[in-house]
Amino acid sequence: MAFLTLEDLRFTWGEWQLEVSATVAKGCCVALVGPSGAGKSTLLSLIAGFEAPDQGCIRIDGRDVTDQPPARRPVTMMFQEHNLFANLSLYENVALGCHPGLKLSLDDRQTVEAAFAATNLVGLEARLPADVSGGQRQRAALARCLCQQRPLLLLDEPFTSLEPALRQEMLQLVDRLRRAHDLTVIFVSHLPFEAARVADEVRFMHNGRVVEQGPCPAIMEQPETPELRDYLQYSG
Amino acid sequence: MDKSLATGTHRLSLRQQGPSLPLWSGVGAGIFLLALVGGTVTVLLARFGGDVSPVLTDPYLHAVIQFTLWQAFLSTALSVGLAIPVARAFARRHEFRGRRLLLSLMGLPVVTPVIVAVLGIVAVYGRNGLLNQLLQQAGLSFSFRLYGLSGILLAHVFFNLPLAVRLLLPAWDRIPAESWRLASTLGMSSRQLFRFLEWPALSAFVPGALAIVFLLCFSSFAVVLVLGGGPATTTVEVAIYQALRFDFEPGRAAVLALAQLALCSLIAITMARWLRAEPLTPGLRYSARYRPDCDNRAGRWLDRILIVTACGFVGLPVAAIVLAGLRGPLVAVTLDSALWFATGRSLAIALAAAMLALGLALALAVCARHLAVRLRQPARADLILVAGSLTLAVPPMVIGTGLFLVFLSVGRSGDLALVAIALVNAVMVLPYAVRGVAPVLIDSARQHERLCAQLGITGWQRFKRIDWPAIRRPTRFAAALAGALSFGDMGVAALFDTSGAITLPVMLYHRMAAYRFDQAAVTALLLVLLTVGVFLLIDRGLGQWRS
C-alpha cells in the first residue's frame, strides 16, 4: 500500500501550472530530478504544507493532510541553506526537533544524544553554526530531522553546495539513516547520476508534470522520453 | 617579472590619472566643518573664562542635566519599547489593503515640523483638546497634565515611535524564508517565533534605534520649550535659550552649551558603534509569506489593535491641525504681510541649507569614494564620513549659541541672522544627506571602477554618466528631506528672532506663546502644506536634472 498519495494535485502560479498524481511506497527513497522551474521544490512545498494546492489531495500513511498545517503533518524537511538558527548552539538547534520551546524531558535528551551520535557530531554540541563546516551544519539539520521522528523526510537540495566527496558521504549517511529509522525519503537533486546511486527510483519532472519515472539505475541507462534524454545528456 | 611591472605601472597610472579634485573637495568640506565646530568651541570657551569650580557645584545646572538625561531615558525606553510590538504587527500583517499608506503615515512625524506637531498634540490631548471633549461628552472627567514630563514624553513618543518602527522593520527582512518554514514544521508558537527568529534578528537593530532616539531626545528643543520649560522640566538646550533670550547671560549660556557639547560627544562616542545604522530609506519592503502564526485569530486582532492605535496616535495630531486650521481665521491670517515675509525667509533658509548640505555631502561622499575605492584606504574614508555626522555629537543649538555670541559682538542684522540660521540648519541635516548618498556612491564605484578605468571615463563625464544616475534617487530624497527639515525647524531660529529675522515656525511659536490658538492653527496648516511643498519642489527639481 502506498505511503504517500498525491491525488490529482493542482497548483497555479500566474501562468505556470503544476499537475501531479503519484504514489510513493513506504521506506522508498525517491530522487526528484529535472531542469530548474520544473516544479520540484514546489512539489516538496505542497507536501510539506508551505503551499496550499488549488485542488486535489495529499494522503500520508492513509491520512488526508491536505488542510493540515506543516507542524501537524508527519513530514520533516531540509533546505539548501539556513537550516539552522544562527544564534543557537548545535545542541539547541537539534533539540528544537523534540520541543519547539526547548523544554526537554529526560527521554528527549536521550533522543538528541542519539541523533548526535548517528550523525557523527558528538563533541560539537556547544558550537554555533558559524563555527562548524558546511557539511557539519547539514548533518546537524539531519540530526534535528531525526529528533522530529516523522516518517517522511523531504530534502530540497541540501547538499548541492558541498564538494563532491562530501556530497556523496552525506547521501550515504541519509541512506543509512533511512534504513535504520524506516524513513521514506524524497529528495530534489540537480545531479541525476549522483542521486541515482542512492535512490530506489527516479522521477523526472518537466514543466510542472512528472514526465517519466522508473527504478534505478534502469531509467538512467534507457530513458524513454526525449525530455529526459535531453536532460541527462547535458547533465554529464 | 614583466607582469608585476605592468600591474605596478597600471596602479601608478591609476593614481596619477585620478585628479585630486575629489580628495581636495572632501578635505575642504572637512576643514569647513571642523572650523565651524572649532570656532564655536573657541568662542564658547572665551566667554566661559575657564573657571570650572562654580560650574561643577551649580545646583541649577545639575538639576537641568539630570532632567535632560531622565526624560531622554524614559522617552527612548517608551518609544523603542512600544515600537517593537508595532513593527512586529506590521511585519506579521505583510499584506493588507492600505499597508503601504499606513507605513508612509509612520514616516510623517520625521518631516512634520516639531512646533506643528506640538500644537497638534495640544489640540488632541490638551485641556480643551479632542480627547477631553470626547471624555466629557461620555460623562468622564479627565485630568491628564499635558504640560510637564508627561507631555514631553507624549511628544517624544509621537516623533520617535514611528522612527523606531521604520528603523526596526528591516530586521524582519534579515530572517531567511527557510527559517519561517522550518519554524512551521517544528510547530513553533508565536512566542517561540519571537524568541528564536525575531528577537535575534531584532537585536542587531535595537541598539542603533536606541542610540539615535536617545540622542534626538537628549537634544530636543521645541518640544521641551512649549510643553516643559518650568524650572523642574528644562533641558540643557532650553536652558541655553532662556539664558540668552530672557536672562541675557551669555556667560551662563556658554557654560550650558559647553556642558551640552561634552555630554552629546560623550553619548555619541559611547554609542558610535551603533550609530552607523542603516541609512534612512524612502521605501520599505518585506515579505514573509510562510509565517506560520498569521492565521491565528487572537494574533490577528492584536495586530489590528496595535496598528490602528499606532496610526491613530500618529495621525490624530496632524489631522487635528488640519481641521483646526481650516476652521480658523484663514483670511485674516493669510492677508497678514508679516506671514509672507516669514515664509519667504523660511524658504530662503530651507533652499540655502538644503543646497549647502547637499554640496557638503557630495564633497564628502566623492572624497570617501576616492579614498575607499581608488586609494584603498577604507579607514580614512570612514573618517571623512564621520566628519559628516559630526553634528550628532555637536548639537545645532551649541553651534547656534557660538554664532549668536559672535553675532552679539558684530552687531545685529537680519541678513547675518539668516545666514547663521541657514548654516546651522545645513550642518543639522548633513548627517541625513551623507548617510543617504555616500554608501550608494561607494557601492556604485566598487562596481564600475575597473570598467571606467578601462574605458577611460573620468572626471565630470564619469560623474554625469555613471555616478549621478546611481545616486540620483537617494540624493533627491536626502536633499528634499534636508529642505523640509530646515523649513520647519525651530531650534536655532528661535535664538535670532529679535533681529527681525522671524521664520515661519518661530512666528507659529510666538502665536502659541500668546495663546492665539486659532491664528496658530492656520499658520500651522500653512507650515505643513509648505513643508510638503518644499519637499516636492526639491525632489522634482533635482529629478529634472538627468544626464
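Lettering follows sequence order; numbering is per chain, from 1. Note: hydrogens, waters and symmetry copies are ignored here, and every other heavy atom, side chains too, is used.
Neither the backbone nor the side chain of B:Leu193 has a heavy atom closer than 4.5 Å to any heavy atom of chain A. Contact annotation for A:Glu81: both backbone and side-chain heavy atoms come within less than 4.5 Å of a heavy atom of chain B. Only the side chain of A:Leu88 has a heavy atom closer than 4.5 Å to any heavy atom of chain B. Only the side chain of A:Arg150 comes within less than 4.5 Å of a heavy atom of chain B; its backbone N, CA, C and O stay farther away.
Once rounded to the nearest 0.5 Å, the distance linking CG of A:Leu84 with CD of B:Glu178 reads 11.5 Å. Here B:Met188 contributes atom CE and A:Leu96 contributes atom CG; the two are 4.5 Å apart, rounded to the nearest 0.5 Å. Going from atom OG of B:Ser203 over to atom CG of A:Asn87 covers 7.5 Å, rounded to the nearest 0.5 Å. To the nearest 0.5 Å, atom SG of residue A:Cys145 and atom CG of residue B:Leu182 are 8.0 Å apart. A distance of 10.0 Å separates CE of A:Met77 from OG of B:Ser184, quoted to the nearest 0.5 Å. From B:Arg181, atom CZ reaches atom CD of A:Glu51 across 6.0 Å, with rounding to the nearest 0.5 Å.
Within a 6.0 Å radius of CZ in A:Arg72, no more than 12 heavy atoms belonging to other residues, nucleotides or ligands are found. Counting non-hydrogen atoms of other residues, nucleotides and ligands closer than 6.0 Å to CZ of B:Arg93 gives a total above 12. Crowding of A:Arg63 atom CZ: a count of heavy atoms from other residues, nucleotides or ligands under 6.0 Å exceeding 12.
Nearest heavy-atom pair across B:Gly187 and A:Ala71 is CA-CB, 3.2 Å. Nearest heavy atoms, B:Phe196 versus A:Phe85: O-CD2, 4.1 Å.
Side-chain atoms of B:Thr185 and A:Arg73 form no donor-acceptor pair, as typed in the model, at a separation below 3.5 Å.
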